[in-house]
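Okay, handing you the structure first.
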Amino acid sequence: WLSAMAALASPLGGRERAQELFQCDRQCRWHYDFFDRAVLGRMRDRWTCECFGGGGEALGDCPRFDAKHFDTAHTWSGGMDAEGQRYGFDSDEVCARLSGEGLATMRRAAAEARRQEDPQGTTILHCGACAACSAPEDIRVLAETRAWITEVMTELSVHFAAPWGHRSVVRLRDNLLAVGFNLSTAGKSGGRGASCMECWTDNIMCDSMTCKTLCWTKFVRPANPRTSIDRRVPWWDFDARCLKCDELNCGAQFIKCAGANRRSAGIVSDIERPLVEQCPLGLYSGVPPERLPTKPPPTASFIREVMKLEEGVVIRPEERDTYEDILREHLCCCSLETGCLWHKAVRCPSLQVTSPDAPPALAQRYCARSWCSLVSRQCFRTRHVTLRQTGDGRCAASWDRRFFFVGSPCP
C-alpha cells in the first residue's frame, strides 16, 4: 500500500485527489501509461484531468470520465460496440504456471502443447495475459467466494463510498480482508503494476465515481440478485443498469489490471454470463460447483462488526471463523477495574466504576467495538493493540483458541 500512501503525500494535491477517489489518477494511467503507478492526475475541471509522470513532468490532459474499449487481444474480455454488437472473449493468450519458471503469458496453442509434453509442470491458470491477480492463490479466493462476494462487496463499498461513508481505501482493503476476500496486497517492485487487491479497490472507486447515479439503490439495498446484462437493459432494472455501467466505464481497466477474474478462470459466479464468455481453459473450467473450493459467507452480524473497525484494525482472514464462533456465545465485558474479560452470558455482569472521568463502566459490546472516552481521552488497553487516544478506538479482533477461556482477558 505504499502507492496509496505516496499518492496522498504527492505535491499534486494528495488530499484533493483522495476526495475524488483518485479518479484522475486512474484516467491518466489509462490514457498514458497504465501500469506505471507513479503516473498521477488532478482535476482541471469537471470533465478534464491534468496528467503528470513520476518525475512531475506534464503528460497532457485526458477526459475525467469516458467509456472504455476492452483490450481483447491481451485480456479475456469484451463488450458491446457502437452498433450494439457484442465483441471480444477471443484472446489467443493464456497465463500459465510453468515449473521452475513461474507465471508466463503464452499463446494458447503453445501452452496446450507444453501441457501435453509436461502435464505435471504446466498449469494453465486463465485466458488472457498474466497480471496482478494471476497467482493460483488469488484465483482460489475468487472461487471460494463466488456465491456471495458480489453482495458482500457491495455492502462494504456502500459503507466506503456513500455520502456518509468513511472514504478510506486502506479501511476498505482491511474490511475486504476481514470478510474473507483475502487477495494478495503486494504490488510489483518499482511501481510497475498494482497488487491484486488494488485492482479491486480501484474498481470499487471507479464505480463509486462513475456509476453512483445508476447504482443509488445499493445505498439502501446492497443485495445483488442474479441478473444478465447481455441484452438491452430496461430502465427499471436498476441492478442490471448498475452492472452495465461498471462494464462500460470500469471493466476494461479492471481486467487489464487483474488479468484473472471469475470468467477468465472458468468460474461460474453470482452474475449471470453467457457461456461463450467463460474461458474454456481456466484453472477451474469445467469443474462442477460441488468440487470447487468454497468458503461459507460471513454472517450479517459479522459484516456489521467488521464495518465498525477503525482504519488499521484488522481481523486476519484465517481467524475469521474463530472470531465468529466466539461471538455466538460470548460477550467481551469491559470495566476500568477488571479490564476486558470474556463472559459466557447473554448480558455482561454489573460492575461499579468510581472514576468520574472514566469511560462507561460497562460496554455490552464485542471486543472489536471497545471504545475510548471522548471526554477523558482514556482508553482501554488490550494485549494486541493500544486503542487510539481520541475518538472511536477499537481493539484488535485477533484470537487464538489456545488462549481463550471464560474469564480470560479479551485479546
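Hydrogens, waters and symmetry mates are skipped; everything else that's a heavy atom, side chains included, is used. Please read these numbers as outputs of a predicted model, since none were measured by experiment.
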Candidate pair Arg64 and Met43, rule side chain to side chain contact (heavy atoms under 4.5 Å, CB included), full reasoning: CA-CA 7 Å; Arg64 189 161 172 252; Met43 184 172 65; 3.3 Å; yes
Pair Arg263, Ser77: side-chain N/O donor-acceptor within cut-off below 3.5 Å: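 Per modelled atom types, Arg263 and Ser77 side chains form no pair under 3.5 Å.
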Arg37/Asp202 ion pair, N-O < 4.0 Å: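 So Arg37 pairs with Asp202 through a salt bridge.
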Over all atoms of both residues, closest heavy-atom pair of Thr122 and Ala111: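 What the structure gives for the nearest pair is CG2-O, 4.2 Å.
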Between His74 and Ser91: side-chain donor-acceptor atoms closer than 3.5 Å: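 No - no donor-acceptor pair under 3.5 Å links their side chains.
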Side-chain heavy-atom pair Arg173, Trp200 within 4.5 angstrom cut-off: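 They are not in contact (no side-chain heavy atoms under 4.5 Å apart), so the answer is no.
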Between CZ on residue Phe52 and CG on residue Leu59, distance to nearest 0.5 Å: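 Result: 8.0 Å between the selected atoms.
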Verdict with supporting geometry, Cys28 and Cys49, disulfide bond (SG atoms under 2.5 Å apart): CA-CA 7 Å; Cys28 288; Cys49 297; 5.2 Å; no
Verdict with reasoning, Glu50 to Arg17, per salt bridge (charged side-chain N to carboxylate O under 4.0 Å, His left out): CA-CA 12 Å; Glu50 296 179 274; Arg17 291 176 20 255; over 6 Å; no
SG-CZ distance between Cys24 and Phe65, expressed to the nearest 0.5 angstrom: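 Going from the SG atom of Cys24 to the CZ atom of Phe65 covers 8.0 Å.
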Residue pair Cys199, Cys257: steps toward the disulfide bond (SG atoms under 2.5 Å apart) verdict: CA-CA 6 Å; Cys199 294; Cys257 179; 1.9 Å; yes
Exam field: side chain Lys68 to backbone Asn249, donor-acceptor pair closer than 3.5 Å: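 Yes.
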Beyond-backbone contact of Glu112 with Leu281, side-chain heavy atoms, under 4.5 angstrom: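 In short, these two side chains touch, coming nearer than 4.5 Å.
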Flag, side chain of Arg26 to backbone of Leu21, donor-acceptor distance under 3.5 Å: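 Present.
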Full working for salt bridge (charged side-chain N to carboxylate O under 4.0 Å, His left out) between Arg44 and Asp61: CA-CA 9 Å; Arg44 177 191 293 278; Asp61 293 351; 3.1 Å; yes
Heavy-atom check, side chain of Trp148 versus side chain of Pro296, under 4.5 Å: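 The answer is no; the side chains never approach within 4.5 Å.
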Close side-chain approach of Val179 to Pro298, heavy-atom, < 4.5 Å: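 In short, these two side chains touch, coming nearer than 4.5 Å.
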Passing candidate, side-chain contact (heavy atoms from CB on, under 4.5 Å) with Leu176, options Asn182, Leu183, Ile204, Val306: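 Exactly one pass, corresponding to Ile204.
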Whether Thr210 side chain and Asp207 backbone form a donor-acceptor pair below 3.5 Å: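 Not confirmed, Thr210 side chain does not pair with Asp207 backbone.
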Contact check, side chains of His159 and Thr154, non-hydrogen atoms, under 4.5 Å: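 In short, these two side chains do not touch, never coming nearer than 4.5 Å.
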Side-chain donor or acceptor of Arg146 paired with backbone N/O of Ala143 under 3.5 Å: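 Answer holds: yes.
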Side-chain donor/acceptor of Gln253 to backbone N/O of Trp30, under 3.5 Å: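 Between the backbone of Trp30 and the side chain of Gln253 there is no qualifying donor-acceptor contact (under 3.5 Å).
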N/O donor-acceptor pair under 3.5 Å between Asn175 side chain and Met307 backbone: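 No, the answer is negative, given that no donor and acceptor are paired below the 3.5 Å cut-off.
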Any donor-acceptor N/O pair, Glu198 side chain to Ser195 backbone, under 3.5 Å: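 At least one qualifying donor-acceptor pair exists.
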Whether Tyr87 and His69 hold their rings parallel, tilted or perpendicular, with breakpoints at 30° and 60°: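 Tyr87 vs His69 ring planes: parallel.
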CA sep, side-chain torsions, deciding dist, call: Cys133, Cys196, disulfide bond (SG atoms under 2.5 Å apart): CA-CA 5 Å; Cys133 297; Cys196 183; 2.0 Å; yes
Side chain to side chain contact (heavy atoms under 4.5 Å, CB included) evaluation trace for Gln23 with Met205: CA-CA 8 Å; Gln23 176 68 12; Met205 289 190 286; over 6 Å; no
Intermediate values then yes/no, salt bridge (charged side-chain N to carboxylate O under 4.0 Å, His left out), Glu277 and Arg86: CA-CA 11 Å; Glu277 296 183 7; Arg86 301 293 295 183; 3.1 Å; yes
From Leu283 atom CG to Ser264 atom OG, the distance as rounded to the nearest 0.5 Å: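 Reported value, rounded in 0.5 Å steps: 10.5 Å.
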Pairing of Glu137 and Arg140 as salt bridge, 4.0 angstrom limit: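 Salt bridge: no.
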Derivation and outcome, disulfide bond (SG atoms under 2.5 Å apart), residues Cys279 and Cys127: CA-CA 6 Å; Cys279 168; Cys127 294; 2.0 Å; yes
